[in-house]
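Given the structure is predicted, the values throughout are model-derived calculations rather than measurements.
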Amino acid sequence: MPEQTVRTPPEVDRVAASRAAVEARRKRAEVKNNIATGTVSALTVLDDAFADPEGVAGRMRATDFLLSVPAIGRTKLTRILEDLKISPSKRLGGLGPNQRLRIRDFIADRESKNRQHKRSRLIVLAGPTAVGKGTVATHIRENYPDVLLSVSATTRSPRPGEVEGINYFFVNDEEFDRLIENGELLEHATVHNASRYGTPRGPIDEALNRGDSVLLEIDIQGARQVREAMPEATLVFLLPPSWDELVRRLVGRGTEGAEERERRLETARHELAAQDEFDYRVVNGTVADAAQEVVDLIQTRGARPRRTV
Ligand SMILES: Nc1ncnc2c1ncn2[C@@H]1O[C@H](COP(=O)(O)OP(=O)(O)OP(=O)(O)O)[C@@H](O)[C@H]1O
Ligand SMILES: Nc1nc2c(ncn2[C@@H]2O[C@H](COP(=O)(O)O)[C@@H](O)[C@H]2O)c(=O)[nH]1
């Protein structure tokens with residue numbers, strides 16, 4: 001009996017292909033989610049991609065892969081892809097030998113740093129004046145209720161709208177001296193050659209003992225002291241997209257006169273030179289992205305953005 005040839009109508013082929021594409025996308029989304037939640041190591045995904053370029057990981061775009069790695073947002077992505085000399089549209093399985101080496105080294109380095117800081121629930125956010133530390137910290141306080149924002153003591157006067165106990169504890173010089181003498185401050189410094197600022201130790205110890213995560217928004221001198229006192233802390237340096245944008249933000253805030261602005265910008269030049277002392281650098285392009293990157297660096301048990309309606 002002659003063999004019967006079954007012809008598949010083109011329409012059936014198209015449906016099957018489209019189902020296969022949907023399934024492949026679902027699997028890639030699952031892998032991305034697993035990387036983002038730490039269920040699978042990004043390094044393992046890379047190795048899978050290189051071993052099977054046509055498999056689920058191999059078909060994943062380098063852009064999607066990198067964006068699923070915690071603390072890599074769109075702003076950072078552009079710089080990383082440039083450094084790795086990888087075009088955004090490239091799939092992992094299609095990377096050349098040198099690109100594979102570079103992306104693998106990059107991911108291995110990040111994962112090793114993460115392991116070193118695995119147990120850290122204390123994160124220090126520092127950076128030059130007007131880069132947006134306060135704005136990013138406020139966004140975290142309002143949107144990530146799992147993260148406790150430390151409230152500093154300061155000898156400077158409240159600005160309009162600032163609230164005692166929310167923005168700062170406003171104290172006079174004598175009270176500040178007393179806090180230091182009683183060992184109540186984890187760190188303290190005179191900032192911009194003007195007022196004194198310090199981090200109350202008690203609430204931080206209590207939060208860490210409870211297993212909660214704490215964010216300190218302080219200057220660089222303070223960050224260095226915290227590193228000495230608590231080496232397990234994660235230090236994050238917030239960067240402006242450019243120097244001109246930093247100046248624009250400082251002027252736009254309108255809270256300092258010309259002389260004070262000059263003084264702060266002079267300090268900012270020195271502070272920017274200290275960025276390599278930090279564990280991570282985050283560019284404050286948009287507030288929400290920068291805040292998300294910072295939160296991703298905190299080893300929270302379940303920090304999730306507050307749901308908005
Ligand atoms: N991502 C952003 N894009 C545009 N403007 C921003 C961004 N982040 C903050 N700003 C603005 O920049 C100005 C400075 O921000 P902020 O006061 O938070 O800086 P800061 O780093 O806390 O400064 P300082 O160290 O002097 O207290 C504010 O006017 C704020 O609204
Ligand atoms: N070392 C510390 N620095 C602190 C603390 N709290 C705030 N700061 C830093 O001070 C400047 C100026 O703040 P502003 O509110 O007067 O504009 C800013 O860089 C803050 O990060 C602290 O407890 N310790």
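Glu293 is not listed as a side-chain neighbour of Asp296, based on a closest heavy-atom distance of 4.5 Å or more. No side-chain heavy atom of Arg249 sits under 4.5 Å from any side-chain heavy atom of Thr135. No side-chain heavy atom of Arg121 sits less than 4.5 Å from a side-chain heavy atom of Val214. Looking only at side-chain heavy atoms (C-beta outward), Phe106 and Ile80 come within less than 4.5 Å of each other. With a 4.5 Å cut-off on side-chain heavy atoms, Asp146 and Ile298 do not count as touching. Using a 4.5 Å heavy-atom threshold, the side chains of Lys85 and Asn98 count as separate. The side-chain heavy atoms of Ile103 and Phe65, taken from C-beta on, include a pair separated by under 4.5 Å. Between Ile204 and Leu216, the closest side-chain pair of non-hydrogen atoms falls below 4.5 Å.
Remark: side-chain polar atoms of Thr63 are paired, donor with acceptor, to backbone N or O of Pro88 under 3.5 angstrom. Under the 3.5 Å distance criterion, the side-chain polar atoms of Thr154 are matched with a main-chain donor or acceptor of Arg196. Looking only at distances, a side-chain donor or acceptor of Lys133 sits under 3.5 Å from a matching main-chain atom of Gly127. With hydrogens and angles ignored, the 3.5 Å screen pairs no side-chain donor or acceptor of Gln221 with any backbone N or O of Val191. The main-chain N or O of Pro70 is found under 3.5 Å from a side-chain atom of Arg110 such that the two form a donor-acceptor pair. When atom types are taken as modelled, the side chain of Asn182 and the backbone of Glu184 share no donor-acceptor pair closer than 3.5 angstrom. With hydrogens and angles ignored, the 3.5 Å screen pairs no side-chain donor or acceptor of Glu271 with any backbone N or O of Ile220. Glu260 places no side-chain N or O within 3.5 Å of a backbone atom of Gly257 that could act as its donor or acceptor partner. Side chain of Asn167 to main chain of Val163: a donor-acceptor pair is present (N/O by atom type, distance under 3.5 Å, no hydrogens or angles). Glu164 contributes a side-chain N or O that, together with a main-chain N or O of Phe170, makes up a donor-acceptor pair within less than 3.5 Å.
Note: Asp205 CG to Leu122 CG = 9.5 Å, rounded to the nearest 0.5 Å. Here Leu95 contributes atom CG and Leu46 contributes atom CG; the two are 8.0 Å apart, rounded to the nearest 0.5 Å. Taking OG1 from Thr155 and CG from Asn172, the interatomic distance works out to 9.0 Å, rounded to the nearest 0.5 Å. Rounding to the nearest 0.5 angstrom, the gap separating the OG atom in Ser152 from the NE2 atom in His188 is 12.5 Å. The CG atom of Asp105 lies 8.0 Å from the CG atom of Asp109; values are rounded to the nearest 0.5 Å. Rounded to the nearest 0.5 angstrom, Asp64 CG and Arg91 CZ are separated by 9.0 Å.
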Salt bridge (Lys or Arg N to Asp or Glu O under 4.0 Å), that's the test. Do Asp83 and Arg102 meet it? Break it down for me. CA-CA 9 Å; Asp83 287 353; Arg102 282 194 294 269; over 6 Å; no
Point to revise | Derivation and outcome, side chain to side chain contact (heavy atoms under 4.5 Å, CB included), residues Met230 and Leu186 | key: CA-CA 9 Å; Met230 305 179 88; Leu186 172 62; 3.9 Å; yes
Practice problem: Go through Tyr144 and Leu149 one step at a time and tell me if the side chain to side chain contact (heavy atoms under 4.5 Å, CB included) criterion holds. | Solution: CA-CA 10 Å; Tyr144 298 87; Leu149 182 57; over 6 Å; no
> Could you walk me through whether Val283 and Thr75 pass the side chain to side chain contact (heavy atoms under 4.5 Å, CB included) check?
Replying inline: CA-CA 7 Å; Val283 176; Thr75 317; 3.9 Å; yes
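Of the residues Leu297, Ile123, Leu235, the one that meets the side-chain contact (heavy atoms from CB on, under 4.5 Å) test with Tyr280 is Leu297. For the salt bridge (charged side-chain N to carboxylate O under 4.0 Å, His left out) test with Glu266, the passing option among Arg263, Arg264, Arg269 is Arg269; the others fail.
Environment of CD1 in Ile166: sparse, with no more than 12 heavy atoms of neighbouring residues, nucleotides or ligands closer than 6.0 Å. Atom CZ of Arg253 has more than 12 neighbouring heavy atoms from other residues, nucleotides or ligands inside a 6.0 Å radius.
For Glu23 and Arg26, the salt-bridge test passes: some basic side-chain N is under 4.0 Å from an acidic carboxylate O. The pair Glu245-Arg248 counts as a salt bridge, with a side-chain nitrogen and a carboxylate oxygen less than 4.0 angstrom apart. We find that Glu162 and Arg156 are joined by a salt bridge, their nearest charged nitrogen and carboxylate oxygen being less than 4.0 Å apart.
Closest approach of Gly222 to Ile218, counting heavy atoms only: C-CD1, 3.5 Å. Between Thr129 and Ala268, the shortest heavy-atom contact is CG2-CB, 4.3 Å. Of all non-hydrogen atoms in Ile107 and Leu66, the two that sit nearest each other are CD1-CD2, 4.3 Å. Between Gly93 and Pro53 the shortest heavy-atom distance is O-CB, 3.5 Å. Annotation for Arg227 and Glu277: closest pair NH1-O, 3.3 Å, computed over non-hydrogen atoms. Nearest heavy atoms, Val40 versus Val31: CG1-O, 4.3 Å.
Hydrophobic clustering places Trp243 together with Leu250 (ILVMFWY residues linked when any side-chain heavy atoms are closer than 4.5 Å, directly or through intermediates). Hydrophobic clustering of Ile, Leu, Val, Met, Phe, Trp and Tyr side chains at less than 4.5 Å, counting indirect connections, keeps Leu77 apart from Val287. The cluster map of Ile, Leu, Val, Met, Phe, Trp and Tyr, joined by side-chain heavy atoms under 4.5 Å apart, puts Val136 and Leu272 in the same cluster. When the side chains of ILVMFWY residues are joined at heavy-atom separations under 4.5 Å, either directly or via intervening members, Leu101 and Leu92 end up in two distinct hydrophobic clusters. Hydrophobic clustering (ILVMFWY, side-chain heavy atoms < 4.5 Å, transitive): Leu265 and Leu239 are in one cluster.
Ring-plane geometry between Phe237 and Phe278 is classed as perpendicular, the angle between the planes exceeding 60 degrees on a 0 to 90 degree scale with a lower cut at 30.
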